[in-house]
Peer 1: 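Got a structure here, written out as structure tokens. Questions coming.
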Amino acid sequence: MVFINMAFDEDVWELCRKIPRGKVSTYKGLADALDTKAYQAVGNAMNRNPRGAWTTSGSDVVPCHRVINSDGKIGGFAIGVEKKIGLLSREGVVIKDNKVDLKKYLFRF
DNA sequence: TCGAATGACAGCG
DNA sequence: CGCTGTCATTCGA
């Protein structure tokens with residue numbers, strides 16, 4: 001599954017945008033969709049934060065908060081994992097012990 | 001459980 | 001200008 005080859009970061013953000021509300025994706029999923037093995041690069045791209053994607057999920061920015069570890073753990077978040085959990089919870093994603101039910105909320109590209 | 005791999009960027013020499 | 005280290009990670013031994 002190949003997309004436009006951009007600055008890598010834009011590809012990542014583009015995929016993040018495709019994640020529907022109420023679902024989550026994993027760094028591995030994004031990396032795999034981009035045909036790359038740099039899982040860290042995916043998260044790193046978001047960490048750089050393209051344009052303050054730290055708003056609620058209803059904004060016109062990249063919902064980076066829907067991307068978590070392949071294990072379902074939140075991993076980390078620039079503004080704080082708690083905020084990320086809050087956003088996901090607001091979308092209907094139930095988080096248990098800092099983990100998400102990938103079986104129910106994992107979105108596949 | 002620990003280390004290597006992978007991509008990009010910031011910092012330092 | 002070039003190299004090393006770091007980072008929201010993942011997989012293999």
Side-chain angles (χ1 to χ4, degrees):
Chain A
M1 192 167 185
V2 61
F3 282 87
I4 43 181
N5 289 289
M6 268 210 236
F8 194 87
D9 294 6
E10 303 216 352
D11 279 357
V12 175
W13 309 331
E14 189 73 46
L15 287 170
C16 285
R17 264 194 194 170
K18 288 159 112 170
I19 302 172
R21 191 170 88 94
K23 291 225 165 181
V24 296
S25 183
T26 62
Y27 294 104
K28 187 182 185 302
L30 293 172
D32 191 55
L34 292 172
D35 192 49
T36 183
K37 298 138 211 109
Y39 313 106
Q40 284 194 324
V42 177
N44 199 15
M46 301 201 192
N47 179 273
R48 296 287 166 178
N49 221 342
R51 29 187 138 215
W54 320 123
T55 54
T56 42
S57 47
S59 294
D60 53 70
V61 294
V62 183
C64 308
H65 61 270
R66 288 186 196 142
V67 185
I68 56 180
N69 289 17
S70 61
D71 288 0
K73 280 197 302 202
I74 304 298
F77 206 50
I79 54 167
V81 181
E82 297 180 28
K83 189 87 177 167
K84 188 169 182 177
I85 293 171
L87 288 167
L88 290 171
S89 191
R90 197 189 95 89
E91 298 190 351
V93 178
V94 179
I95 298 174
K96 192 172 179 66
D97 196 34
N98 283 335
K99 283 186 262 182
V100 180
D101 292 308
L102 293 176
K103 294 188 167 166
K104 296 180 174 221
Y105 304 108
L106 178 59
F107 170 71
R108 304 192 187 202
F109 294 104

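Owing to the predicted nature of the structure, the values given are computational and were not obtained by experimental measurement. Note: hydrogens, waters and symmetry copies are ignored here, and every other heavy atom, side chains too, is used. Chain letters run A, B, ... following the sequence lines, proteins first and then strands; every chain starts at 1.
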Peer 1: Considering every strand and a 4.0 Å limit on heavy-atom distances, what is the contact class for A:Thr36: base, sugar-phosphate, or nothing?
Peer 2: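 Sugar-phosphate, backbone atoms only, no base.
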
Peer 1: Measure the distance from CG on A:Leu30 to C1' on B:dG7 and round it to the nearest whole Å.
Peer 2: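 My rounded result for the distance is 14 Å.
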
Peer 1: Write down the distance separating the P atoms in B:dT6 and C:dG2, rounded off to the nearest Å.
Peer 2: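 Approximately 24 Å lies between the P atom of B:dT6 and that of C:dG2.
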
Peer 1: Considering only B:dG7, B:dA8, C:dT9, which nucleotide approaches the side chain of A:Ala38 most closely?
Peer 2: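 Nearest to the side chain of A:Ala38 among the choices is B:dG7.
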
Peer 1: Which atom names give the shortest non-hydrogen contact between A:Arg90 and A:Arg21, and what distance separates them?
Peer 2: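 Looking at all heavy atoms of both residues, the closest pair is O-NH1, 4.0 Å.
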
Peer 1: Do the side-chain N or O atoms of A:Asn44 get closer than 4.0 angstrom to the phosphate oxygens (OP1, OP2) of C:dA8?
Peer 2: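 Negative; the distance criterion is not met.
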
Peer 1: A:Phe8 and A:Phe109: same hydrophobic cluster, using ILVMFWY side-chain contacts below 4.5 Å?
Peer 2: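 Result: yes, single cluster for both.
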
Peer 1: Tell me if a side-chain donor or acceptor on A:Lys84 pairs with a main-chain N or O of A:Val67 at a distance below 3.5 Å.
Peer 2: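 Judged by distance alone, yes, a pair lies under 3.5 Å.
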
Peer 1: Distance check needed: C:dT6 P versus A:Met46 CE, whole Å only.
Peer 2: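 Distance check: A:Met46 CE to C:dT6 P gives 23 Å.
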
Peer 1: What's the CZ-P distance between A:Phe77 and C:dA8, to the nearest Å?
Peer 2: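 After rounding, the reported distance stands at 12 Å.
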
Peer 1: Tell me: CG of A:Asp9 to P of B:dA10, nearest whole Å?
Peer 2: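 About 10 Å, once rounded to whole Å.
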
Peer 1: Scan every strand shown for a Watson-Crick or G-U wobble partner of C:dG2, both distances under 3.5 Å, and answer none if you come up empty.
Peer 2: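 By the stated definition (distances under 3.5 Å), B:dC12 pairs with C:dG2.
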
Peer 1: Side chain of A:Lys84: nearest nucleotide among B:dC9, B:dT6, C:dA8?
Peer 2: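 For A:Lys84, the side-chain atoms sit closest to C:dA8.
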
Peer 1: What's the NZ-C1' distance between A:Lys73 and C:dT10, to the nearest Å?
Peer 2: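 In whole Å, C:dT10 C1' lies 12 Å from A:Lys73 NZ.
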
Peer 1: Which nucleotide, B:dA8, C:dA8, B:dG7, lies nearest any side-chain atom of A:Ala41?
Peer 2: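 Of all the options, the side chain of A:Ala41 is nearest to B:dG7.
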
Peer 1: Checking side chain to side chain contact (heavy atoms under 4.5 Å, CB included) against A:Ile95, which of A:Ile68, A:Asp101, A:Ile85 comes through?
Peer 2: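 Exactly one option meets the side chain to side chain contact (heavy atoms under 4.5 Å, CB included) with A:Ile95, and it is A:Ile85.
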
Peer 1: Measure OH/A:Tyr27 against P/B:dA8 and give the value in whole Å, please.
Peer 2: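 Rounded to the whole Å, the gap is 18 Å.
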
Peer 1: Expressed as a whole number of angstroms, how long is the span from A:Asn47:CG to B:dA10:P?
Peer 2: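 Rounded to whole Å, this separation is 11 Å.
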
Peer 1: Both distances under 3.5 Å, Watson-Crick or G-U wobble: report the partner of B:dT1, or none.
Peer 2: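 Because both required distances fall under 3.5 Å, B:dT1 counts as paired with C:dA13.
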
Peer 1: Out of C:dT9, C:dA8, B:dC9, which has the shortest distance to the side chain of A:Tyr39?
Peer 2: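 The answer is C:dT9, which lies nearest to the side chain.
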
Peer 1: Looking only at the side chain of A:Lys28 (C-beta and beyond, no hydrogens), which of the listed nucleotides C:dA8, C:dT9, C:dC11 gets closest?
Peer 2: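 Ranking C:dA8, C:dT9, C:dC11 by closest atom to the A:Lys28 side chain puts C:dC11 first.
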
Peer 1: Quickly work out the A:Lys37 NZ to B:dA5 C1' distance and round it to whole Å.
Peer 2: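 One finds 10 Å between C1' of B:dA5 and NZ of A:Lys37, rounded.
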
Peer 1: Using ring centroids (six-membered ring only for Trp), state whether A:Tyr105 and A:Phe107 fall under 6.0 Å.
Peer 2: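 Centroid distance A:Phe107-A:Tyr105: not below 6.0 Å, so no.
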
